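Inspection log for the structure reproduced underneath, given as structure tokens.
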2 protein chains.
Amino acid sequence: MKSDMTRLRLLSHGLRALSTDGLSGVTLGRLAEAASLSKSGLFAHFRSKQQLEIALLYEAARSAHGHVVEPAMDAPAGLPQLQALVERWLGWPMRAGLPGGCPIAAALFELDDREGEVREHVAALEREWRLLLGSLVASAVALGHLRKGTDLDQFVWELCGIYLSHHVSARFLRDPSAEEHARLAFGALLRRSGATSPA
Amino acid sequence: MKSDMTRLRLLSHGLRALSTDGLSGVTLGRLAEAASLSKSGLFAHFRSKQQLEIALLYEAARSAHGHVVEPAMDAPAGLPQLQALVERWLGWPMRAGLPGGCPIAAALFELDDREGEVREHVAALEREWRLLLGSLVASAVALGHLRKGTDLDQFVWELCGIYLSHHVSARFLRDPSAEEHARLAFGALLRRSGATSPA
DNA sequence: GGATAATACGACCGATCGTACTATTCTAGC
DNA sequence: GCTAGAATAGTACGATCGGTCGTATTATCC
């Protein structure tokens, strides 16, 4: 359908806006203008601002999956896959063609004190993401790449901290050594977990 | 002066609003109503929305200093002081009476793709904060509490990651084990840096 | 105590917000 | 090619945004 094409265009422009302006920064008027559509025409696609926000967040997750998860799955299972995923994870928005930062990371701070449907969807995405990370760590443990008895939740928790710290130092502080800091931190986390072959 | 009282009341209400709603969520109308003041009366105190935002951010930093830095300075210099500061740092907004999360952490993600004066003030605050953290780590190294040769910048970078991950898991995910994760992560970071007396 | 400046008020500005309702244009199936 | 229904445009709405205005009140200082 023609409508699907338009919807894709809207999601594309909306995702770009989301990455720079955050959820509350994406407005129907601006998005309509960016996508060369009337505001009411845009509004007809999503039946409310909330629905648009949710759609954009899922589009962000879809893009992350395509740019981060899928290519990382080419690596051998276990530690190499985990390392490949982390490498693709850090700074993925830029490689996905987004002009701003990670929309989901930003949403974690924008919605932390807001209730409602949007928050629940972000929470679901974040929980799913951490489950994926945990399963990759578990595989590395099962394959003997990481020490048996490794605290999976703790590993994932600290890995998320590395991602967030990288986001802040790279995007806000514009520290050119953000990548290096993240690499060192991840390496230390691996070593602590008994990685046999450090990258 | 009477005006100073009003200004303090405005900053107090504004800081609360800032912690839950973020910079763009604080509006002149709502703040005026919360502080029982007319919008124009409020506007007379700060000459623009930007000036209000900057004043609120400095108020947040002032509050953090009072609730985090000052009490931590009672601890003996070196590692104990660093540990005391981290303990007070995590979750300080609640202990400061704020209903939401850390306004500065939120600003790091809200302003990462926005230029202007407000961003520069947040950047200055953040840089100053990291300098403080670095100096405490340096003291711990100088006093022999941490290994000589400890990478100060890397330590601070990872510590900030712990703070951010704690913020997300405690405030957004509402994970009751956020404190425990942070404690474990900080302990591991200390151990890696050769701490002789783990807490 | 009276001049003066600070402070607060209410009304209002143009712009934009999200959303609703009504045309109009377009497209798909016959 | 016609027509039904989808897709888009148009218009308007009430609310709120940051901000300005003139005016009234209130402190402050000589």
Side-chain angles (χ1 to χ4, degrees), chain A residues 1-18 20-57 59 103 106-107 110-111 114-119 121-122, chain B residues 1-18 20-57 59 103 106-107 110-111 114-119 121-122:
Chain A
M1 286 194 244
K2 178 70 176 303
S3 164
D4 291 356
M5 287 296 190
T6 305
R7 187 187 171 91
L8 286 182
R9 186 161 43 96
L10 290 172
L11 288 178
S12 172
H13 282 98
L15 185 54
R16 275 199 282 275
L18 181 63
T20 60
D21 304 331
L23 282 169
S24 67
V26 176
T27 70
L28 299 176
R30 277 208 294 265
L31 179 53
E33 191 182 16
S36 303
L37 205 71
S38 70
K39 202 167 73 158
S40 51
L42 183 158
F43 191 79
H45 277 270
F46 315 90
R47 307 187 319 184
S48 72
K49 174 79 190 303
Q50 269 205 10
Q51 294 297 316
L52 170 62
E53 291 179 349
I54 293 169
L56 288 177
L57 286 164
E59 177 67 10
E110 187 174 354
L111 303 181
R114 215 171 86 187
E115 301 300 325
E117 202 180 338
V118 184
R119 181 192 212 284
H121 280 279
V122 175
Chain B
M1 287 193 244
K2 178 67 175 303
S3 163
D4 290 357
M5 287 298 189
T6 305
R7 187 186 170 90
L8 286 182
R9 186 160 43 94
L10 290 172
L11 289 177
S12 172
H13 282 99
L15 184 54
R16 275 199 282 275
L18 181 62
T20 60
D21 304 330
L23 282 168
S24 67
V26 177
T27 70
L28 299 176
R30 277 207 295 265
L31 178 53
E33 192 181 16
S36 303
L37 206 70
S38 70
K39 202 168 70 161
S40 50
L42 184 157
F43 193 82
H45 279 269
F46 315 90
R47 306 188 318 183
S48 72
K49 174 79 191 304
Q50 269 205 10
Q51 292 297 316
L52 170 62
E53 291 179 348
I54 293 169
L56 288 178
L57 286 164
E59 177 67 10
E110 188 174 354
L111 303 182
R114 214 171 85 188
E115 300 300 326
E117 202 180 339
V118 183
R119 182 192 212 283
H121 280 280
V122 175

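Residue numbering restarts at 1 for every chain, and letters A, B, ... go by the order of the sequence lines. Just so you know, these numbers come straight off a predicted model, no measurement behind them.
Listed by chain and number, the residues in a side chain to side chain donor-acceptor pair (under 3.5 Å) with B:His121 are B:Tyr58 (sequence neighbours excluded). Qualifying side chain to side chain donor-acceptor pair (under 3.5 Å) partners for B:Ser48, counting only residues two or more places apart in sequence or in other chains: none. For A:Thr27, the side chain to side chain contact (heavy atoms under 4.5 Å, CB included) partners two or more places apart in sequence, or in a different chain, are A:Arg30. The side chain to side chain donor-acceptor pair (under 3.5 Å) search around B:Lys49 returns B:Glu53, not counting sequence neighbours. Taking the side chain to side chain contact (heavy atoms under 4.5 Å, CB included) definition, one finds that A:Ser38 meets it with A:Ser40, sequence neighbours left out. Partners of A:Ala106 under the side chain to side chain contact (heavy atoms under 4.5 Å, CB included) rule, at least two apart in sequence or in another chain, do not exist in this structure. Judged as a side chain to side chain donor-acceptor pair (under 3.5 Å), and not counting sequence neighbours, A:Ser12 has no contacts. For A:Thr6, the side chain to side chain contact (heavy atoms under 4.5 Å, CB included) test picks out A:Arg9, A:Leu10, A:Leu37, A:His45, with sequence neighbours left out.
Between B:His45 and C:dA6 there is no side-chain N or O to OP1 or OP2 distance below 4.0 Å.
Note that the CZ atom of B:Arg16 and the CG atom of B:Leu31 stand 10.5 Å from one another [nearest 0.5 Å]. Taking OG of B:Ser24 as the start and CG of B:Leu111 as the end, the distance is 9.0 Å to the nearest 0.5 Å.
As rounded to whole Å, 14 Å separates atom C1' of C:dT7 from atom CZ of B:Arg7. Note: CZ (A:Phe46) to P (C:dT19) measures 13 Å, nearest angstrom. We find that CG of B:Asp21 is positioned 11 Å from P of D:dC17, with the value rounded to whole Å. If you take CZ of B:Arg9 and P of C:dT7, they are 13 Å apart, rounded to a whole angstrom. Taking atom CD of residue B:Glu33 and atom P of nucleotide D:dA15, one finds them 14 Å apart after rounding to whole Å. At whole-Å resolution of the value, CZ in A:Arg47 and P in C:dG18 are 17 Å apart. The interatomic distance linking B:Phe43 (CZ) with C:dA6 (P) rounds to 17 Å, in whole Å. Between the NZ atom of A:Lys49 and the P atom of C:dT19 there is a distance of 8 Å, rounded to whole Å.
Across all strands shown, B:Leu37 has heavy atoms under 4.0 Å from sugar-phosphate atoms exclusively, and none from any base. At the heavy-atom level, B:Ala44 lies nowhere under 4.0 Å from the strands shown.
Non-hydrogen atoms lying under 4.0 Å from DNA chain D are contributed by nothing in residues 23-32 of chain A.
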Could you run down the sub-3.5 Å N/O contacts of the protein with nucleotides 10-13 of chain C?
from: C:dG10; atom 1: N7; to: B:Ser40; atom 2: OG; distance (Å): 3.2
from: C:dG10; atom 1: O6; to: B:Ser40; atom 2: OG; distance (Å): 2.6

Distances under 3.5 Å between nitrogen or oxygen atoms of protein and nucleotides 25-29 of chain C:
none

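Between the A:Glu59 side chain and the A:Leu15 main chain, no donor and acceptor come within less than 3.5 Å of each other.
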